[in-house]
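Here's the structure, in structure tokens; my notes come after.
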Number of protein chains: 2
Amino acid sequence: MNTEQLLSKIRKFFRTNKRLPSYQEIATLCGFASKNAAFKLTQKLIDEGFLEKDQTGKLVPKRLFALLPNTGIVKAGFPSAATEELNDLVSIDEYLITKPESTFMLTVSGDSMIDEGICPGDIVLVERGRTAKNDEIVVACVDGEWTLKYYQKKGGKVWLKAANKNYRPIYPKETLEVAGVVTSVIRKYN
Amino acid sequence: MNTEQLLSKIRKFFRTNKRLPSYQEIATLCGFASKNAAFKLTQKLIDEGFLEKDQTGKLVPKRLFALLPNTGIVKAGFPSAATEELNDLVSIDEYLITKPESTFMLTVSGDSMIDEGICPGDIVLVERGRTAKNDEIVVACVDGEWTLKYYQKKGGKVWLKAANKNYRPIYPKETLEVAGVVTSVIRKYN
DNA sequence: TAGTATAGTGAACGAATGTTCACCAGTCAA
DNA sequence: TTGACTGGTGAACATTCGTTCACTATACTA
């Protein structure tokens, strides 16, 4: 039993049990008769940086949450069953959300951002309280109505631009309040 | 201390510690002097279906993973700080991935699917080993080259269609192998 | 051939785990 | 005023936890 196999087993356990195993459980997982064997082997994984410990000694998941292998560009070859065992696993949650406490999600209605690849029904993750830069996509309230648009600012004047030729730029008559900046887009089929 | 407050505290703990607290920890979390108070209160949460238990008695996270409030349609109003405490929290991982063992992710190159809102640099989640239906987006290998296209099948004949007028349909000369069906698209800004 | 890592066993430790039971103070309704 | 319900305390339990130490067998190396 090497560390790579162990990591794979721990991940499997985590995936089904939604928590990390104890050393006893790791031992049974590996077929060890002794907890200590699991302890030592796991310590190696920690040394290699794949795992962490609590103050209480409990194992803490590092980057093995959702466990999807990220396998490069489509055209540059293809993932085989072998590459799956690689350690470049990534949690989508962790990948997309850096500030969970100030991020929320919103379902998109309307096609005003369709040329940006944001379609009706898509979900956008919005980070609240970030100051928008030019050409960033923002969720904003213009004169009382909420929209999703490009943020535009020039010479102290602020307006919104759609990613759709059929829409005109929006110049606020009274108020323009930016609720947050779009950090990512998610679309789920069927 | 009511169950709603407790749930909020447990979520906060889970978010920072990446695991669920023990009853002792719940007690300190709530300011209780006795583990049993935490035990009883948590039991209510379980009865209400917000939490689950292991065979070993350990708490298991149910739907409170990534903890993003899902707040309806953009135009239909707006999330305030209050609505965040709602229980409609969702993990993106759980939301997008139903079969983690057969799902992998791929970075998109090329603009052949741009009218579908799939842009270069986007990440697609692909479910392997699913039989593709008509008009589903698939990752396929045609005559040795990997592409991302609509799957088309009529009368036993299979070909691929792009979501871009500048691309012609692809009819396989020799082989067409479907590696998987695209189940979702992810785009991250900056 | 001798010596040294390596990989696992087995026992032991104090502390923390989930769970149960008896108890208490307040609140509310009858 | 009584009695039940609620929300919490405190002690106790068997079990499991993380961790340490001494030991063994195998494999590799000099």
Side-chain angles (χ1 to χ4, degrees), chain A residues 1-65 67 82 85-87 89, chain B residues 1-65 67 85-87:
Chain A
M1 179 72 57
N2 56 27
T3 58
E4 205 168 323
Q5 293 172 312
L6 172 62
L7 188 55
S8 167
K9 282 188 187 300
I10 291 182
R11 281 192 175 124
K12 199 168 186 178
F13 185 96
F14 182 82
R15 199 148 50 181
T16 54
N17 295 71
K18 292 182 176 177
R19 64 170 173 89
L20 286 177
S22 69
Y23 290 110
Q24 186 70 270
E25 287 167 326
I26 293 179
T28 18
L29 225 53
C30 299
F32 293 157
S34 169
K35 277 198 297 178
N36 193 20
F39 182 81
K40 288 182 189 170
L41 200 51
T42 308
Q43 193 58 45
K44 283 190 187 172
L45 271 185
I46 296 173
D47 293 342
E48 291 170 14
F50 291 115
L51 234 47
E52 273 180 354
K53 273 193 198 179
D54 247 351
Q55 307 92 330
T56 72
K58 285 184 186 359
L59 295 177
V60 169
K62 247 191 143 176
R63 292 201 305 143
L64 37 70
F65 260 74
L67 311 164
E85 291 303 325
L86 276 177
N87 297 319
L89 301 184
Chain B
M1 180 73 56
N2 57 27
T3 58
E4 204 170 323
Q5 292 171 313
L6 172 63
L7 187 56
S8 168
K9 283 188 187 297
I10 291 182
R11 280 191 176 127
K12 199 168 185 179
F13 185 97
F14 182 82
R15 195 145 55 180
T16 55
N17 295 71
K18 291 180 177 178
R19 65 171 171 87
L20 286 178
S22 67
Y23 291 109
Q24 186 70 269
E25 288 167 325
I26 293 178
T28 21
L29 224 53
C30 298
F32 292 157
S34 169
K35 278 198 296 179
N36 193 21
F39 182 80
K40 288 181 189 171
L41 200 50
T42 307
Q43 193 59 44
K44 283 190 187 173
L45 271 183
I46 296 172
D47 293 342
E48 292 171 13
F50 290 116
L51 236 46
E52 273 179 356
K53 272 193 198 180
D54 247 351
Q55 306 92 331
T56 72
K58 285 185 189 354
L59 294 177
V60 168
K62 251 192 140 175
R63 292 200 305 143
L64 38 71
F65 260 75
L67 311 165
E85 292 303 326
L86 276 177
N87 297 319

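In what follows, chains carry the letters A, B, and so on, assigned in the order in which the sequence lines appear, proteins first and then strands, with residues in each chain numbered from 1.
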Look at all strands and tell whether B/Ala37 reaches a base, only sugar-phosphate, or nothing, counting heavy atoms closer than 4.0 Å.
-> base
Is the base of D/dG10 touched by the side chain of B/Ser34 through a donor-acceptor pair closer than 3.5 angstrom?
-> yes
Atom [atom1] of [X] and atom [atom2] of [N]: how far apart are they, to the nearest Å?
X	N	atom1	atom2	value
A/Asp54	C/dA15	CG	P	19 Å
B/Phe32	C/dC24	CZ	P	20 Å
A/Gln5	C/dA7	CD	P	12 Å

Sequence neighbours excluded, the answer for side chain to side chain contact (heavy atoms under 4.5 Å, CB included) partners of A/Ser34 is A/Asn36
Which residues share a side chain to side chain contact (heavy atoms under 4.5 Å, CB included) with B/Lys58, sequence neighbours left out | A/Arg19, B/Asp54, B/Thr56
Sorted by first residue and then second, give each salt bridge (charged side-chain N to carboxylate O under 4.0 Å, His left out) pair with at least one member in residues 29-41 of chain A; sequence neighbours left out.
-> none
Would you please test A/Phe13 and A/Leu20 for side-chain contact (heavy atoms from CB on, under 4.5 Å) and show each step?
-> CA-CA 7 Å; A/Phe13 185 96; A/Leu20 286 177; 5.9 Å; no
Reading nucleotides 15-28 of chain D from 5' to 3' and marking B where a protein heavy atom lies under 4.0 Å of the base, S where only the sugar-phosphate is that close, and - otherwise, the string is --BBBBBB------
Using residues 41-50 of chain A as the side-chain source, report each donor-acceptor pair under 3.5 Å to any protein atom, sequence neighbours left out, with the distance given to one decimal.
from    : atom 1 : to      : atom 2 : distance (Å)
A/Thr42 : OG1    : A/Ala38 : O      : 2.6
A/Gln43 : OE1    : A/Lys53 : NZ     : 3.3

Could you list the residues that satisfy ring pair (Phe, Tyr, Trp, His ring centres under 6.0 Å) with B/Phe39, not counting sequence neighbours?
-> B/Tyr23
